[in-house]
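Presented below is the structure to which this report refers.
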Amino acid sequence: MMMTSQKRNWILDLVMLPIGLAVFFPFYLIIINTFKTLQDATRNPIGLPKEWILTNYVQVFEETALLRSFGNSLTITFFSVTLVVIIGAMGAYPVVFNANRVTKFAMLYLLAGFMIPFQATLIPLFQLMTGLNLIDKLYGLIALYLNGSVFVFFLMMGYMRTIPRELSEAAVIDGCTVWGIFWRIIFPLLKPISTTAVIFQTMWIWNDFLAPMLFLNSSSNSTLVLQIYRAKGEFTVHWPMFMTLTVVTLVPIFLFFIFMQKHIVKGIAAGAVKG
Amino acid sequence: MIKFKRQLQFQSFLLPILIVYTLFTIYPLLQSLFLSFTNFGGYSNVYDFVGFRNYERLFVDDAIRASISYTLLFTFGKALLVTVFAIPLAMILDQNFLTRNLHRAIFFFPSIPSGLLIAYIWGFILAPIGSGVLNKILNQLFNIGAQPWLSDPLLAKLSTIFVATWAITGWHAVLYLAFLQSIPKDYYEAASIDGANRFQQFRYVTLPLLAPAMTVSVMLLLTGGLKVFEIPFALTKGGPGFETLTVTQVIVQKGITEAQYGLASAMSVVFFLIVLVIAIFQVTMMQRREQDL
């Protein structure tokens, strides 16, 4: 079994198929019920629809501010992730390429807080956000997510150590400024690790529920996840509608997964080996 | 002078991260510590120092005690189950079979959506009334009556742990898979020439080489598990009673909804210490074990 001869193991197909189907079952269930009327879904939640309908999809777009929430999620995720990657990479740059007492202290300072959970800082954060007038503002939530740059900083630091120092030294001789070296030489070289950082941060910010729940109150500022949370109350009776909303919100993140699949698997491996 | 200017330019790159980190992590943590010794009510600026009274209250408050024990049960239960399932799963997904890539995708899928959505989907399946999908299936197949999957204290705990395990096992299997694929095949050939059977190959070749992956995976499971919020919140709202109440939910409830800032801050500080102690203990233990294997 261990010595993978090139022969295909058909027994594994037979054993794994029922298990795979069971694992996939919840997804099958929500997808299939989006094509049913309420009566059909209530009488027969598991089987195929008696009659395939699309009215749930039409209705869900009409009755919820779905596109607006999608836009909010996209805005928050895009700006947070971009800034987090830039801030993390910028921080790692002097620590790796100009190590001295100051950078060493900064690194230890950042390391000390690596284990601090968001939840342990929640109450003062709530006061701080209120004080800075950042509650119920998309940019307020973006500011909060900048916290993720500490995680990115450590990813970047590990990767930057593999970049030959001669590269930046040659650029100094050519008269490049510190700023210029970073943007024109170092940052482009960070692409593989930036991709990993973008994936982890995107999945985390796009899916986050706790921070939007606490810091975005008005429904016009809802993220997609928050929209689901609020719709749960609205659609308790008409649950095929709720499932339709769920399926629609799942589409973007699954597309992201399909396009980034290779990088995601590589990222998990890279992150794990570094850790 | 030019050198000094260059130094300054270099250090300025650290400014954004230091500002963000100090403002949104360090300052709130110190503030939590400070507030935990006061009776601050949130609205007026008048407060008194109350010493350790908030900490004493932590140990007599039923909701808080329940939340700590459930969060620990959830964390260790999930970490154990995920590890037990993810390692064999990774070994299977490493084999050569026709539907391999399909299965890799299927097992990874549940880790993609938000925990809130996952929990709501399972909420339909585990609905305690007769119309719950699982109860319907069990009734049709085995003629079993409706089970209170989410409203019985023990079943609710098991259900939330099960859903969380379903959601993340595939992700951890991918992590183990990455390590498995880095094990040279000659190791197994050498082991089998030396007469090692399959179990011995697993015990003396695979397991030691997977140990570093296990350290990382278990660390992620433990630190992630302690911070759990969405899945129990969306499945059971912490009920029945306080049976599936999480630490995070208690902090939100006491601190923000009820404005008991002092008490919730004390809870936050204790929570931070629990995370820190468990993480340090786990990593040192498992790194030592890596060498023993």
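Residue numbers begin at 1 in each chain, while the letters A, B, ... track the order of the sequences.
In plain terms, the two heavy atoms of B:I17 and A:S149 that are nearest each other are CD1-O, 3.5 Å. When all heavy atoms of B:V133 and A:P45 are compared, the closest pair comes out as CG2-CB, 4.1 Å. A pairwise comparison of heavy atoms in B:Y21 and A:A112 identifies OH-C, 4.0 Å as the closest pair. When all heavy atoms are compared, the tightest approach of A:G20 to B:I106 is O-CG2, 3.6 Å. For B:S32 against A:A120, the heavy-atom pair with the smallest separation is OG-O, 2.9 Å.
Looking at B:Y176, there are no atoms closer than 4.5 Å to chain A (heavy atoms on both sides), in backbone or side chain. With a threshold of 4.5 angstrom between heavy atoms, A:I264 approaches chain B through side-chain atoms but not through N, CA, C or O. Using a 4.5 Å cut-off between heavy atoms, A:I253 touches chain B through backbone and side chain atoms alike. Residue A:N33: no heavy atom, backbone or side chain, is found under 4.5 Å from chain B. Only the side chain of A:L128 comes within contact range of chain B, with at least one heavy atom under 4.5 Å from a heavy atom of that chain. Only the side chain of A:I46 comes within contact range of chain B, with heavy atoms under 4.5 Å apart. If you measure heavy-atom distances from B:T22 to chain A, the contacts under 4.5 Å come from both the backbone and the side chain. No part of A:L83 comes within reach of chain B, as not one of its non-hydrogen atoms sits under 4.5 angstrom from that chain. For chain B, the nearby part of A:V95 is the side chain; its heavy atoms alone come within less than 4.5 Å. Proximity to chain A is absent for every atom of B:L134, based on heavy atoms less than 4.5 angstrom apart. Heavy atoms closer than 4.5 Å to chain A are found in the side chain of B:F108, but not in its backbone. Contact annotation for A:A92: neither backbone nor side-chain heavy atoms come within less than 4.5 Å of a heavy atom of chain B. Heavy-atom distances place the side chain of A:M203, and not its backbone, under 4.5 Å from chain B. Heavy atoms of A:Y229 lying under 4.5 Å from chain B belong to its backbone as well as its side chain. Contact annotation for A:F209: both backbone and side-chain heavy atoms come within less than 4.5 Å of a heavy atom of chain B. Residue A:L146 touches chain B through both its backbone and its side chain, counting heavy-atom pairs closer than 4.5 Å. With a threshold of 4.5 angstrom between heavy atoms, B:L29 approaches chain A through its backbone and through its side chain.
Atom CD in B:Q249 sits 12.0 Å away from atom CD in A:Q119 (nearest 0.5 Å). Separation of atoms CD1 (B:I92) and CG (A:L12) is listed at 6.0 Å; rounding is to 0.5 Å. Within the model, atoms CD1 of B:I256 and CD of A:Q127 stand 9.5 Å from one another, a figure rounded to the nearest 0.5 Å. Separation of atoms CD1 (A:I19) and CZ (B:F85) is listed at 10.0 Å; rounding is to 0.5 Å. Within the model, atoms CD1 of A:I123 and CE of B:M267 stand 10.0 Å from one another, a figure rounded to the nearest 0.5 Å. Note that OH of A:Y109 and OG1 of B:T25 are 8.5 Å apart. Values are rounded to the nearest 0.5 Å.
Counted within 6.0 Å of CD1 on A:I11, heavy atoms from surrounding residues, nucleotides or ligands total 12 or fewer; the atom is thus considered open.
With a 4.5 Å cut-off on side-chain heavy atoms, A:M213 and B:V252 count as touching. At least one side-chain heavy atom of A:M16 sits less than 4.5 Å from a side-chain heavy atom of B:L89. Between A:W179 and B:S12, the closest side-chain pair of non-hydrogen atoms is not below 4.5 Å.
In terms of non-hydrogen atom pairs under 4.5 Å with chain A, the most contact-rich of B:W122, B:F229, B:F109, B:F271 is B:F109. Ranked by heavy-atom pairs under 4.5 Å with chain A, the list B:L14, B:L177, B:I112, B:V247 is led by B:I112.
Between the side chain of A:D13 and the backbone N or O of B:L98 there is at least one donor-acceptor pair closer than 3.5 Å. B:Y261 places no side-chain N or O within donor-acceptor distance of the main-chain N or O of A:P124, the cut-off being under 3.5 Å.
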Take B:Q7 and A:V102, measure what side-chain contact (heavy atoms from CB on, under 4.5 Å) needs, and give me the verdict at the end. CA-CA 10 Å; B:Q7 282 296 326; A:V102 179; over 6 Å; no
Run the ring pair (Phe, Tyr, Trp, His ring centres under 6.0 Å) check on A:F242 and B:Y120 step by step: do they pass? CA-CA 10 Å; A:F242 181 77; B:Y120 281 152; 5.5 Å; yes
Go through B:H103 and A:F24 one step at a time and tell me if the side-chain contact (heavy atoms from CB on, under 4.5 Å) criterion holds. CA-CA 10 Å; B:H103 278 102; A:F24 190 74; over 6 Å; no
Check the pair A:F27, B:W166 against ring pair (Phe, Tyr, Trp, His ring centres under 6.0 Å), reporting the backbone distance first and the verdict last. CA-CA 12 Å; A:F27 291 111; B:W166 171 83; 5.7 Å; yes
Give the intermediate values and the outcome of side-chain contact (heavy atoms from CB on, under 4.5 Å) for residues A:M129 and B:F24. CA-CA 10 Å; A:M129 298 281 280; B:F24 291 120; 4.2 Å; yes
Just do the ring pair (Phe, Tyr, Trp, His ring centres under 6.0 Å) check on B:F97 and A:W10 with the steps written out, would you? CA-CA 6 Å; B:F97 60 107; A:W10 296 100; 9.7 Å; no
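A donor-acceptor contact closer than 3.5 angstrom is absent between the side chains of B:E230 and A:N207. Inspection of the A:T121 and B:Y27 side chains reveals no N or O donor paired with an N or O acceptor under 3.5 Å.
Each of B:L116, B:I118, B:I121 was checked for a side-chain contact (heavy atoms from CB on, under 4.5 Å) with A:T246, and the lone residue meeting it is B:I121. Of the listed residues (A:F187, A:W183, A:F182, A:F97), just one forms a ring-ring contact (aromatic ring centres under 6.0 Å, His included) with B:F13, and that residue is A:F182.
Between A:Y93 and B:F10, the distance separating the two ring centers is shorter than 6.0 angstrom.
Annotation: cation-pi geometry satisfied between A:K232 and B:F124 (NZ/CZ under 6.0 angstrom from ring centroid, within 45° of ring axis).
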